[in-house]
Amino acid sequence: MAVERDHMLDTIRGGAILAVLVFHLRIATGVPALDRALRPIVDVGWVGVDLFFVLSGLLVGTMILAEADSPAGFSRSRFFARRALRLWPVLYLYLAAMMIAGGGAAWAMVSPVLLHVQNYATHGPSHLWSLAVEEHFYLVAALGLPWLLRRGAGRVAIVLVAVLIGCLVLRIAALAGGAPPTAVQWQTPYRIDAIAAGVLLAWGERYRPGHVARVLRHRRWCIAGAAAGFALLAYVDDVQWRYGAGLTIAWGASALLILGLRHRPRTSPFAGPVAALGWLGGISYSLYIWHASLAQVADALATAMGIDDPPVATAWRYAVATGGAAAISACIERPFMASRYRLANRSAPSDHGSAQHIAIANSYHR
């Protein structure tokens, strides 16, 4: 039976990319007092990445578990083909632009991304570290989840909980041992817990729907818990705490937010902003890959045009980044996504095609 697409996930994704934009591109109002008041919100924008991680785990975990449970089973070749069509066109266009702009000198920055190890390099595009974590997750999930599931659904949950606990212990131990905070923030063994949390949500929805339904009856408490977690991260800036327990709080708050908003209708007093965030979520992948470079272009154009008023320059930066990403999404991302859907519909066996199609349709970001 077909299940209606959860459009609220696009809205959550839009909120996540907006948080990332605010963190990377900053906000300048020209009013010192207002800038100081906004600074905690701007500085905690990094949690947008954790929200993306949990969403990715939920969506990709739903897809893998549904296929692995079907009579036809899970096809790794089809899974990786869909991932390649989803991720590589926009990413490789970006890398090609880097090579054209930087020439041979750019190869040192591009090569780690081509090998998907940019989260272990210090000289690549810094914002792409999270993409490497997700790519590593896809590999491990595609190889490991179906194998675990054949040994019992309960074992999947046990392994996921072990990952959640193990990553926290690893981070605390690494920081206590003097590891650079950047390494703990970027490298896969320390960060895979946020994606595992999303897979655990997918597992709960599939194998413990009654438990999830009981949680969903308390949506307001979920949203309140998420807000409390994000607020705590905004006002506590100790590095050891932030990159240790703080990252656990980040994915926990993200999971609560998703639970609080999951399957909620967009009709509300905030329907306009919710729809706008949904649109932003639809271009979030292109925007994530390209926003830093597009912002540099915007700043260069602003200087050439004499735009120096802080709020105007800020609005211009966001407009160019968003508009450019929307154009890239329309010209590159969407056509390849259509190819991915055709691949799924052509190759998916009829006995599990509808479940697979639903999972793919919900998987805009990753």
Side chain to side chain donor-acceptor pair (under 3.5 Å) between Y285 and S329, intermediate numbers included: CA-CA 8 Å; Y285 179 62; S329 180; over 6 Å; no
Closest heavy-atom pair, P89 versus A84, reported as atoms and distance to 0.1 Å, is CD-O, 3.3 Å
With rounding to the nearest 0.5 Å, note down the distance linking CD1 in I195 to CG in L200. 14.0 Å
May I ask you to check whether over 12 heavy atoms, not counting those of R151, lie within 6.0 Å of atom CZ? yes
Between atom CZ of R317 and atom CD1 of I27, what is the distance when rounded to the nearest 0.5 Å? 10.5 Å
Before you tell me yes or no, could you show the steps for L114 and Y92 under side chain to side chain contact (heavy atoms under 4.5 Å, CB included), namely the whole-Å CA-CA distance, both residues' side-chain angles and the distance that decides it to 0.1 Å? CA-CA 8 Å; L114 291 174; Y92 286 173; 3.9 Å; yes
Check: W316 and V320 side chains under 4.5 Å, non-hydrogen atoms: yes
Contact between Y207 and L65 at the side-chain level, heavy atoms closer than 4.5 Å - yes or no? yes
State yes or no: do I158 and W203 share one hydrophobic cluster built from I, L, V, M, F, W and Y residues joined by side-chain heavy-atom distances below 4.5 Å, directly or via other members? no
More than 12 heavy atoms of other residues, nucleotides or ligands under 6.0 Å from CZ of R76: yes or no? yes
Within this structure, what is the CG-CG distance for the pair D193 and L160, rounded to the nearest 0.5 Å? 11.0 Å
State the NE2-OH distance between H291 and Y318, to the nearest 0.5 angstrom. 9.5 Å
In terms of hydrophobic clusters joined by side-chain contacts under 4.5 Å, are W290 and L128 together? yes
Carefully, step by step, assess C222 and L257 under the rule side chain to side chain contact (heavy atoms under 4.5 Å, CB included). CA-CA 6 Å; C222 290; L257 182 64; over 6 Å; no
Correct closest heavy-atom pair for P40 and A234 would be O-CB, 3.7 Å
Listing, residues 238-245 side-chain donor-acceptor contacts under 3.5 Å, not counting sequence neighbours, or none:
from, atom 1, to, atom 2, distance (Å)
D238, OD2, Q240, N, 3.3
D238, OD2, W241, N, 2.9

Look only at the side chain of Y120 and the backbone of W186, and say whether a donor-acceptor pair between them is shorter than 3.5 Å. no
Let me confirm one number: the CD-OG distance from Q118 to S126, rounded to the nearest 0.5 Å. 11.0 Å
Taking the side chain from T314 and the backbone from A28, do they hold a donor-acceptor pair closer than 3.5 Å? yes
Closest contact, heavy atoms only, T11 versus V274: OG1-O, 3.2 Å
May I ask you to test the H24-H127 pair for a side-chain heavy-atom distance under 4.5 Å? yes
V199 and V60, any side-chain heavy atoms less than 4.5 Å apart: no
A253 and A226 have their tightest heavy-atom pair at O-CB, 3.2 Å
Minimal heavy-atom distance between F52 and E134, with the atoms involved, is O-OE2, 4.3 Å
Using a strict cut-off of less than 4.0 Å between a Lys/Arg side-chain nitrogen and an Asp/Glu carboxylate oxygen, indicate whether R206 and E67 qualify as a salt bridge. no
Can V140 be reached from L87 by stepping across I, L, V, M, F, W or Y side chains whose heavy atoms are under 4.5 Å apart? no
Check against side chain to side chain contact (heavy atoms under 4.5 Å, CB included), W129 and Q187: CA-CA 8 Å; W129 68 267; Q187 293 177 8; over 6 Å; no
Note, W46 side chain near L247 side chain (heavy atom, < 4.5 Å): yes
Side-chain touch I283/T322, heavy atoms, less than 4.5 angstrom: yes
Test item: H7 side-chain N/O and G278 main-chain N/O as donor-acceptor pair under 3.5 Å: no
Atom CZ of R150 with >12 non-hydrogen neighbours under 6.0 angstrom: yes
Check whether V297 and I100 end up in the same hydrophobic cluster, where Ile, Leu, Val, Met, Phe, Trp and Tyr are linked by side-chain heavy atoms less than 4.5 Å apart. no
With hydrophobic residues grouped by side-chain heavy-atom distances under 4.5 Å, do W251 and L232 end up in a single group? yes
Can you name the residues that form a salt bridge (charged side-chain N to carboxylate O under 4.0 Å, His left out) with R26, not counting sequence neighbours? D43
Qualifying residues under side chain to side chain donor-acceptor pair (under 3.5 Å), relative to H211, sequence neighbours excluded: R214
If you define the side chain from C-beta out and look only at heavy atoms, does anything of D35 sit under 4.5 Å from R39? no
Within 45° of the ring axis of Y138 and under 6.0 Å from its six-membered ring centre, is that where the NZ or CZ of R83 lies? yes
Enter the distance from L175:CG to Y190:OH here, rounded to the nearest 0.5 Å. 8.0 Å
Verdict with supporting geometry, R262 and L58, side chain to side chain contact (heavy atoms under 4.5 Å, CB included): CA-CA 11 Å; R262 189 95 159 99; L58 171 62; 3.9 Å; yes
Pair S254, D50 - check side chain to side chain donor-acceptor pair (under 3.5 Å), show working. CA-CA 7 Å; S254 298; D50 292 86; over 6 Å; no
Distance-only, no hydrogens or angles: does the S284 side chain make a donor-acceptor pair with backbone N or O of G281 under 3.5 Å? yes
Answer yes or no: is there a side-chain heavy-atom contact under 4.5 Å between N119 and H136? yes
Minimum heavy-atom distance L233-G246, with the two atoms named: CD2-O, 3.4 Å
